[in-house]
Every structure is written in C-alpha cells, then in structure tokens.
Amino acid sequence: MRSRVLQLESSLQQQAEQLSHLEHQREQSEWRKAEELRRREECVRELKLELDKERNKEPVVKYVTQTVEIESPSTLLQLSEARQQNEQLSEKLRNQRERCRHLEENVRHSDEVSCNLQHKVFNIACLYVKFPALQKRLSALPSTLRTIKTDYASLRSQVRNFSDFYGTAIKEIMAGINEMSEANKDLIEKYRKEVALRRKYHEQLVELKGNIRVLCRVKPVLKEDQHEEGQTVVVTTDPNNESALTVLSKGKAKNFELDKVFHPQATQEEVFQEIEPLITSCIDGYHVCIFAYGQTGSGKTYTMEGSVENPGINQRALKHLFNEIEERKDMWTYTVSVSSVEIYNEVLRDLLSKDGEKLDIKINPDGTGQLHVPGLRVMEVKSFQHIKKVSPRVSSNRITFGTQMNQHSSRSHALLTVTVLGTDLASGAKTTGKLNLVDLAGSERVWKSGAEGERLKEAQNINRSLLALGDVIQALKAHQTHIPFRNSRLTYLLQDSLGKGNKTAMVVQVSSLESNVGETLCSLKFAQRVCKVELGPAYSHLMQVLLWAPVSPSAPRPPACNSSASALCKHNCRIMSFAQL
C-alpha cells in the first residue's frame, strides 16, 4: 500500500506537469489559429472585391454582324485581320471565365477552412471549460489516498484478529450442527410415525369406498354427432347427487346408482382424482386393476390413454406413481417394470415387441400358483419420461379399424401392467405391488356396426370375452366356489386382479344419445352388478418370513421348508408376514 501511495503521488505530479505543458501549448495554438483565421479572412475579402470588379467591367468585345460585299484585296485583308483579332479576344474571354471559376473555388475552399478552424476553436474552448473540473478531481486525490491508508491499517488489524474469530466461529458451527442432528433424528422418527398413520387412514378410506369401485363417465355430444338423426340426449346427471344418473328409454325414466357419476363436461383430471388413491395402494404393495368398459365409440380409449395435450388415466397414474416414489426415496427404494399385451381374437400379443409376438398364459412354476406369460417382454423403467418414450410404440402396435359406429375402433383388449417392488431401508421389508390398466374393446351390435368378414370375427370374439367377464362378475357377486376365469383369455389374464384381496375400479363409459340407448342400458346394468361384488378385505403383498419354532430346545434344525400354510408344519415352522411380526 505504501508503494502504491508513492506511485499515485508520482503519477499526480506528472499529470500536473503534463497539464501545465498542455495549457501552454493550447495558448500558443489559439494564437496561431487566430492569426491564421485573420489572414484567411483578409484574403477572402480581397478575392471577393476582385471578383466584383471583374463582374462590373463592361464587355471588351462587341459582336457586330454585317453583311458586306467584298470586292477589293485590301478589304479582304482587313477582314482577315479582324477575324484574327476576334479569335484572340474570344480566347482572352475564355481565360477570364476560367480565372473567375478558379477564384470562386478558392473562395469556397476558404469558407470550408474557416468553418473547420471555428470548430477547432470551439473544441479548445470546451476543453478550457472542463479544465477546472479536472483540477478539482486532482485536488481530491490526496484525501482519497488518506482514506485508502486508513482502510489498509484497519484491514491489517482485522487480519491479525481473524484467527481468534475463526476458532470461535468453528466451535459455534459445530455446536449448531450437533443440535440440528439431534433435532433431525426426532423429526425423522415423527415422520415415520406420520407415514404409518397416513397409510392406515388411507387404507381405511379405500375400504370404506368399497374394494370394487364403479365410476360412470358420460360422453359429451360431439360436433359430428349433432347433424345426424336420433341424436337427442337421453342421459342426464343429477347436480345434487354425484352417484345418480337417469336414462330415458321408451318414454320411461330409469335411474341408476353407482359409486361416482361424471357429467359430460368432466375433465381428465377430475376422473383421475377418483382413481388416485388406488395408485398409492399399488406402491404400498397391493394388486390394483383399473379398466374401462362400454360400447364401441363411447370414449374408453380417450379416458384411459387421452391425448398428448390432455393425457388420460394411464399417463397420469404413472406420473403420480413416480412422484410418490420420489417423495419416499429417503425411506424406501423401488424398482418399476412395465409390460403391455393385447388380446386380439383370443390371441395374446406382446405390444412391446416389434413384430407383436404371440404368447400364452401359464401357471408360474415357482409354486405360488400365480399366472405368468412366458416370453413376455418386461422393461424396467427409471422415470416417467422413460415410460413416455415407450408409450408410442405400444399405441402403434395395437390393432384398430374403422366401423360404422367408430372410425378408430379398438379391435382388441389392451393391458398395461406396472409392477412395483419396494424395499424399506429401515426394516428391510419388501412389498410387491401390481397395477393393471385395461382398455377393453367396445361391445357392439353387428347389425349397427356393419361388421363383415374379419371385422365380424373380431366383433364375435370381443363380445364373447366381455360375456365371459360378465360371468366372472356374476360368480363373484354370488360368492360361488368356482369362478370361471378360464372361459376367456381376458378373464384368465385378469385373475390376479379380480380375485380376493385385490382392489379394482371400473370406469363405465356411456353415450348420452338416443341412438345408443340400448347399449347404454346394457352397460349400466352390468355396472350395477359389479357394484354388488365383494372381493373381501384387500391385503398388502409383503415378503413372508419363515420362522423355525422347535417343540423342544434339543430339536434339530430342519432343512429348507416349503410350507405356505399359516398353521404349524411337520417341522414346527410357521409362515408369518411382516405385518404379523
């Protein structure tokens, strides 16, 4: 700092000397400029006077034109001399004009030089005006240097005391970290208790709503339907009762009561809010099935898949699933895998494979008695964006054709299966949740859809599988000992989701138009039968632990036991879940 101050003082002295020298040069320059300007102005005045004199002179040559007849040689000689004299006078006149032009150019050039000199004089005057401000700034530099010296001394004092401040601050920070660590442990423990309590209340809420929930969505009247015959609206909803709707058929009003009825203007978000608790159940280890049922063209695919701008249940459910996983990442780790199949003419096709490989349903050889599909491509996904990249492939592989009732009719049942494997980081407990998202092909009456040939065969298989689904629902409703799951590939594949201990929701899609009142009544009657089905209390699929409880202390430890009963086996082993523990 001291050397810096000396440098600044030296620089200040040099600048003062330079300023004095510049001022002396400026004064000399001003004197020379003024003298040059005065000389130029005198020259311009003289040139102007000379130019005026030349302009005021009378013409020296007068042109006289006469016509004469020349006869004598002397006259011809005089005429020749006159012509020569005339040419000489003309040449002098041209020279005089050229000189006048040069004088005018000199005058114009002198005016330009005079303007430039005036501009330079003005700039010099401006510099002279700024000179006092520069002197003032230079005079303020010493006080600034004194302030810098004071700050430098203060900084040196603070640097000497910094080590003491640093040690004290480190001790205070460490004490604060210890306090925060203790508070963190208490908060984590409270959070675990709150999560357990939230899960308990959530399960109670879903149980109160029923294991099979039936939702009804009324398709709005589209613009292309308004210009056709028989397009009178015959389905109405009750704004004061979200569970009721009325269908007018043959002059009679028929009322239906379901778990939830959405009016035609209901949004995709409103529909998903009713499904959202089931998605959370899947993460907690439950088997969940959500499927859309209804006639062809009633909006099932739109409800399940939606569009790019307005996604349906499938995309929203998967996004919610990964959001829940992100919130629980400090307590649980999850592995998510997806598979997708379609049932077309009672043939199972893999929608994730390029060529739609044909598959079959088998009993899992692991002894659990559950179903599996050998050769089915199961893809592990890490994020919602990863699933969005896979979805277009699934949609493009699905079979659709146009009929008289629907220009883009789905000719197969589509099933998207999401399996969630969870591990509790604290206890090591594992859960296995499964989410089946099903878009059923629409039921149709052949005489209305105009199906022929291959379309007729597809319609027959679709109606046959939906009839088998109705038989399964009827058997479940009557609590029959035998449930005919194997009557159709559709019901056989959904056996894990429609059996006991699972959570199921059905979205029945109906048309509000008079031309479809017959199909609407059939769909609503089927929905009412589903409402009365009781699957029993749902249970979470926690990993089971084998406990060995010998009858006496001297009993030998048995080899691996394959018993799956809750009672004691011959090895005195008991199968218990983490919940029972």
Self-check item: Carboxylate-amine/guanidinium contact Glu274 Arg213, below 4.0 Å
Solution: yes
Exercise. Would you mind checking if Glu242 and Lys260 are paired as a salt bridge, meaning a charged N to carboxylate O distance below 4.0 Å?
Key: yes
Quiz prompt | Donor-acceptor side-chain pairing of His287 and Thr504 below 3.5 angstrom | solution = no
Quiz item: So, are Arg328 and Asp284 salt-bridged, with charged N and O less than 4.0 Å apart?
Solution: yes
Quiz item: Side chains of Ser488 and Arg464: do they bring a donor and an acceptor to under 3.5 Å?
Solution: no
Quiz item: Going by atom types alone, do Lys430 and Thr423 pair a side-chain donor with an acceptor below 3.5 Å?
Solution: yes
Quiz prompt | Result of checking Ile290, Val508, Leu258, Val507 against Leu215 for side chain to side chain contact (heavy atoms under 4.5 Å, CB included) | solution = Val507
Quiz item: Is there a donor-acceptor pair under 3.5 Å between the side chain of Lys190 and the backbone N or O of Lys185?
Solution: no
Exercise. Ignoring hydrogens and angles, state whether a donor on the side chain of Gln509 or Ser523 is under 3.5 Å from an acceptor on the partner side chain.
Key: no
Quiz item: Have Tyr334 and Glu324 got a donor and an acceptor in their side chains that come within less than 3.5 Å?
Solution: no
Quiz item: So, Gln268 side chain and Tyr302 main chain: donor-acceptor pair closer than 3.5 Å or not?
Solution: yes
Quiz prompt | Lys329 and Glu327 ion-paired at < 4.0 Å | solution = no
Quiz item: How long is the span from the CG atom in Leu415 to the CG atom in Leu490, to the nearest 0.5 Å?
Solution: 8.5 Å
